[in-house]
Visitor: 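Dropping a structure here in structure tokens format, bear with me for questions.
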Amino acid sequence: MNVIFVSPQFPSVYWQFCAALRRNGARALGIGDTPWEALAEEVRASLDEYYRVTDLADYDQVFRAVAYFSYRYGKIDWIESNNEHWLAQDARLREDFNVLNGPRPNEVARWQSKAAQKPLYAAAGVPTAQQTLLTTFDETRWFIGEMGHYPVFAKPEVGVGACGTRILTCDDDLRALLADHGETPYVIERLVRGQICSWDAILDSRGEPLFENQEEFPPSMADVVHGGLDMSYLSLPDVDPELARLGRATVRAFGLKSRFVHLEFFRLTCDHPDLGAEGDYVGLEVNVRPPGGLTPEMMDYAHATDVYQIWADMVCFDERRVEPGGADAFCVYASRRDAHRYAHSHEEVLARWGSRVVSCGRVPDAFSDDLGNWHYTARFETRDDVDEFVAYVHEREGARDGDSKGVREGPGGSAQSAESGADGSR
């Protein structure tokens, strides 16, 4: 089996998808924009061959890379990146090279469109917030009036995470969005009060989950980005049966199969007219790839498993061959920002929590708006331990001595003014 994996070097853990493919006897062929000699050793060892392009966004270069692999090794069976940024390009390559496995451009475009997702949610019987496309001031203002009142939530019609999102609280905010959004299509939605959680799954060719996981995001990514907050989220040891039922229904309605998926929901924190009662789930958005950053690693720690191997087993055998390796637990991610001063040093965090910290390190700038500049990931048996750990990592120095200003050297980072705000690109 010939599998082309786009960008195996980024995110930094994605080479493990390729290593798992090779363990199954597949040929793992990488395309990336990093010079071979600059790749980490584990990335090089995970690949049968690597084709370097100078720009992964240059379709002609990537097309030539696939053509080379096709000429050298024969028919290509899979092309995948498991990365939101390259989903549309992956689909175009599949169509141009008649790769039978994986979605084509029209499917990916429908799945990535916030507006096109709405009728699919309805077909699944999953409630979602009312939505309209941003057009003129008068038409959009009429929609807001029909919903009742401000505030409302605005987000790019195609996009991921909190990038470009806004909360509109008045007519002036709406006018500002109309003046600023340029050529980017936007949707306007009812603002939903709820905690964001996700149902993550690796699906076989019938759309049945070979693996399931539930995450919680307190606070939401939008609050983190807009407020410059410290970030924390966690993988849970169990999946709420009601969330699993809604996730499976959504997968069927969207026609998802043979994929790693990340479906986001609100769990309502109060009763909402037309949506449900406190505690009910409301569909937020469907992502047809794994959750970002280091989250696949968190799933491994939470469920004592190997999601990279489960995915590769799905690709090669259309079944799961990985057995659970131990007891499930909570796996939590807690981040820090260079702009803040913290009560406990890096050394104190490691001394206090010891082997429960399963990883820590610098966050790539591409993820820092959402995920902070430095992270600690830890595994615990109880929710109380999770809460205590997050509070310890996030405790600010000002909370101890009343001083919220100044400069402190962060682990792996540079000193910055605590008043400067988080500095990261996406």
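In what follows, every heavy atom counts, from backbone to side chain, and hydrogens, waters and symmetry copies are set aside.
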Visitor: Let me see the working for E146 and Q130 under side-chain hydrogen bond (donor to acceptor under 3.5 Å, both in side chains), right down to the final yes or no.
Guide: CA-CA 10 Å; E146 285 292 296; Q130 292 172 267; over 6 Å; no
Visitor: Is D180 salt-bridged to R175, cutoff N-O under 4.0 Å?
Guide: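 No, this pair does not count.
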Visitor: Quick check for you: to the nearest 0.5 Å, what is the distance between R252 atom CZ and L203 atom CG?
Guide: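 Answer for the CZ-CG pair, R252 versus L203, is 11.0 Å.
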Visitor: Got a donor-acceptor contact below 3.5 angstrom from the Q117 side chain to the R110 backbone?
Guide: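 Not confirmed, Q117 side chain does not pair with R110 backbone.
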Visitor: Checking H262 against D200 for the side-chain hydrogen bond (donor to acceptor under 3.5 Å, both in side chains) test, could you report, in this order, the C-alpha distance in whole Å, the side-chain angles of both residues, the deciding distance, and whether it holds?
Guide: CA-CA 5 Å; H262 172 63; D200 311 305; 2.5 Å; yes
Visitor: Could you go step by step and tell me if R259 and E80 meet the salt bridge (charged side-chain N to carboxylate O under 4.0 Å, His left out) rule?
Guide: CA-CA 10 Å; R259 295 202 66 75; E80 189 57 76; 2.9 Å; yes
Visitor: Nearest 0.5 Å, what's the OH-CD1 distance between Y308 and I202?
Guide: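 CD1 of I202 is found 10.0 Å from OH of Y308.
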Visitor: Could you check F266 against H272 for ring pair (Phe, Tyr, Trp, His ring centres under 6.0 Å), going step by step and ending with a plain yes or no?
Guide: CA-CA 12 Å; F266 290 110; H272 269 268; 8.4 Å; no
Visitor: If you apply the rule side-chain hydrogen bond (donor to acceptor under 3.5 Å, both in side chains), what do you find for N83 with S7, and how did you get there?
Guide: CA-CA 8 Å; N83 190 321; S7 187; 4.9 Å; no
Visitor: Determine, step by step, whether Q9 and T34 satisfy the side-chain hydrogen bond (donor to acceptor under 3.5 Å, both in side chains) criterion, reporting the C-alpha distance in whole Å, the side-chain angles of both residues, the deciding distance to 0.1 Å, and the verdict.
Guide: CA-CA 8 Å; Q9 80 282 11; T34 301; 3.3 Å; yes
Visitor: Is a donor from one side chain sitting under 3.5 angstrom from an acceptor on the other, for T382 and D385?
Guide: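 Yes, because at least one side-chain N or O of T382 sits under 3.5 Å from a partner of the opposite role on D385.
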Visitor: So, are E216 and R383 salt-bridged, with charged N and O less than 4.0 Å apart?
Guide: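 A salt bridge links E216 with R383.
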Visitor: So Y376 and Y333, ring pair (Phe, Tyr, Trp, His ring centres under 6.0 Å) or not? Walk me through it.
Guide: CA-CA 6 Å; Y376 297 93; Y333 175 105; 9.4 Å; no
Visitor: Verify the distance criterion only: is there a donor paired with an acceptor across the side chains of E297 and Q16 at less than 3.5 Å?
Guide: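 Yes, side-chain donor-acceptor contact under 3.5 Å.
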Visitor: With under 30° as parallel and over 60° as perpendicular, where do the rings of F63 and F97 fit, or are they tilted in between?
Guide: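 F63 and F97: tilted rings.
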Visitor: State whether the side chain of W78 and the backbone N or O of I4 hold a donor-acceptor pair below 3.5 Å, judged by distance alone.
Guide: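 Answer holds: no.
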Visitor: For F380 and W353, I'd like to know if the aromatic rings sit close, meaning centre-to-centre distance below 6.0 Å.
Guide: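 Yes; W353 has its ring centre under 6.0 Å from that of F380.
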Visitor: As an exercise, state the distance from CE of M314 to CG of L210, rounded to the nearest 0.5 Å.
Guide: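 Going from CE on M314 over to CG on L210, the span is 7.5 Å.
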Visitor: Among F260, F317, F17, exactly one meets ring pair (Phe, Tyr, Trp, His ring centres under 6.0 Å) together with W311. Which residue is that?
Guide: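 The single option meeting the ring pair (Phe, Tyr, Trp, His ring centres under 6.0 Å) with W311 is F17.
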Visitor: Taking the six-membered ring of Y59 (Phe, Tyr or Trp), confirm whether the NZ or CZ of R92 is under 6.0 Å from its centre and within 45° of its axis.
Guide: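 R92 over Y59 ring: yes.
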Visitor: Measure from the side-chain N and O atoms of S335 to the backbone N and O of M231, and report whether any donor-acceptor pair falls under 3.5 Å.
Guide: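 Confirmed, S335 side chain pairs with M231 backbone.
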Visitor: Checking side-chain polar atoms at under 3.5 Å, does Q61 have a donor or acceptor matched by the opposite partner on D58?
Guide: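 There is such a pair (donor and acceptor under 3.5 Å, judged by atom type) between the side chains of Q61 and D58.
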Visitor: Minimum heavy-atom separation for E212 to A244, with atom names?
Guide: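 Heavy atoms of E212 and A244 come nearest at OE1-CB, 3.6 Å.
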Visitor: Find out whether the Lys NZ or Arg CZ of R336 is both under 6.0 angstrom from the six-membered ring centre of Y342 and within 45° of the ring's axis.
Guide: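 The answer is yes; both the distance and angle limits are met.
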Visitor: To the nearest 0.5 Å, how far apart are CG in L234 and CZ in R379?
Guide: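 With rounding to 0.5 Å, CG (L234) is 13.0 Å from CZ (R379).
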Visitor: Which value, rounded to the nearest 0.5 Å, describes the distance between L174 atom CG and I188 atom CD1?
Guide: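 Between atom CG of L174 and atom CD1 of I188 there are 6.5 Å.
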Visitor: Where do V3 and L29 land on the side chain to side chain contact (heavy atoms under 4.5 Å, CB included) test, with the steps shown first?
Guide: CA-CA 6 Å; V3 182; L29 306 169; over 6 Å; no
Visitor: Which value, rounded to the nearest 0.5 Å, describes the distance between I144 atom CD1 and E189 atom CD?
Guide: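 Rounded to the nearest 0.5 Å, the CD1-CD separation comes to 12.0 Å.
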Visitor: Less than 4.0 angstrom from a charged side-chain N to a carboxylate O is my criterion; do E278 and R267 meet it?
Guide: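 No, E278 and R267 are not salt-bridged.
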Visitor: Consider side chain to side chain contact (heavy atoms under 4.5 Å, CB included). Of I79, D48, I31, which one does F69 pass it with?
Guide: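 Testing each of I79, D48, I31 against F69, the sole residue satisfying side chain to side chain contact (heavy atoms under 4.5 Å, CB included) is I31.
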Visitor: Output, in order, the C-alpha distance, side-chain angles, deciding distance and verdict of ring pair (Phe, Tyr, Trp, His ring centres under 6.0 Å) for W199 and F265.
Guide: CA-CA 8 Å; W199 180 77; F265 294 82; 8.0 Å; no
Visitor: May I ask you to say whether R206 pairs ionically with D318, meaning some side-chain N is under 4.0 Å from a carboxylate O?
Guide: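 A salt bridge links R206 with D318.
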Visitor: With a distance cut-off below 6.0 Å to the six-membered ring centre and an angular limit of 45° from the axis, does R64 pair with Y68 as a cation-pi contact?
Guide: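 No - R64 does not lie over the ring of Y68 by the 6.0 Å and 45° rule.
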Visitor: Any salt bridge linking D338 with R362? Criterion: basic side-chain nitrogen under 4.0 Å from a carboxylate oxygen.
Guide: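 Counted as a salt bridge, because a side-chain N and a carboxylate O are separated by less than 4.0 Å.
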Visitor: Can you see whether R337 engages N373 through a side-chain donor-acceptor pair at a distance of less than 3.5 angstrom?
Guide: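 No, because no side-chain N or O of R337 sits under 3.5 Å from a partner of the opposite role on N373.
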Visitor: For A312, is there any backbone N or O sitting under 3.5 Å from a side-chain donor or acceptor partner on N24?
Guide: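 Checked: pair present.
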Visitor: If you look at every heavy atom in A334 and V390, which pair is closest and at what distance?
Guide: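 So the two residues come closest at CB-CG2, 4.4 Å.
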Visitor: Is the shortest distance from a Lys or Arg side-chain nitrogen in K114 or E157 to a carboxylate oxygen in the other one below 4.0 Å?
Guide: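 So K114 does not pair with E157 through a salt bridge.
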Visitor: On the ring face of F389, is R356 found with NZ or CZ under 6.0 Å from the centre and within 45° of the axis?
Guide: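 Not satisfied by the 6.0 Å and 45° rule.
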Visitor: Could you tell me whether R52 and E37 have a side-chain N and a carboxylate O separated by less than 4.0 Å?
Guide: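 So R52 does not pair with E37 through a salt bridge.
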Visitor: I'd like to know if E42 pairs up with R44 as an ion pair, taking the criterion as any Lys NZ or Arg NE/NH1/NH2 lying under 4.0 Å from an Asp or Glu carboxylate oxygen.
Guide: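 Salt bridge absent between E42 and R44.
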Visitor: Does one side chain, of E49 or Y73, offer a donor that lies under 3.5 Å from an acceptor on the other?
Guide: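 On atom types as modelled, these side chains qualify, holding a pair under 3.5 Å.
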Visitor: Is there a side chain to side chain contact (heavy atoms under 4.5 Å, CB included) between L236 and E215? Walk through the geometry before answering.
Guide: CA-CA 6 Å; L236 276 61; E215 295 169 30; 5.9 Å; no
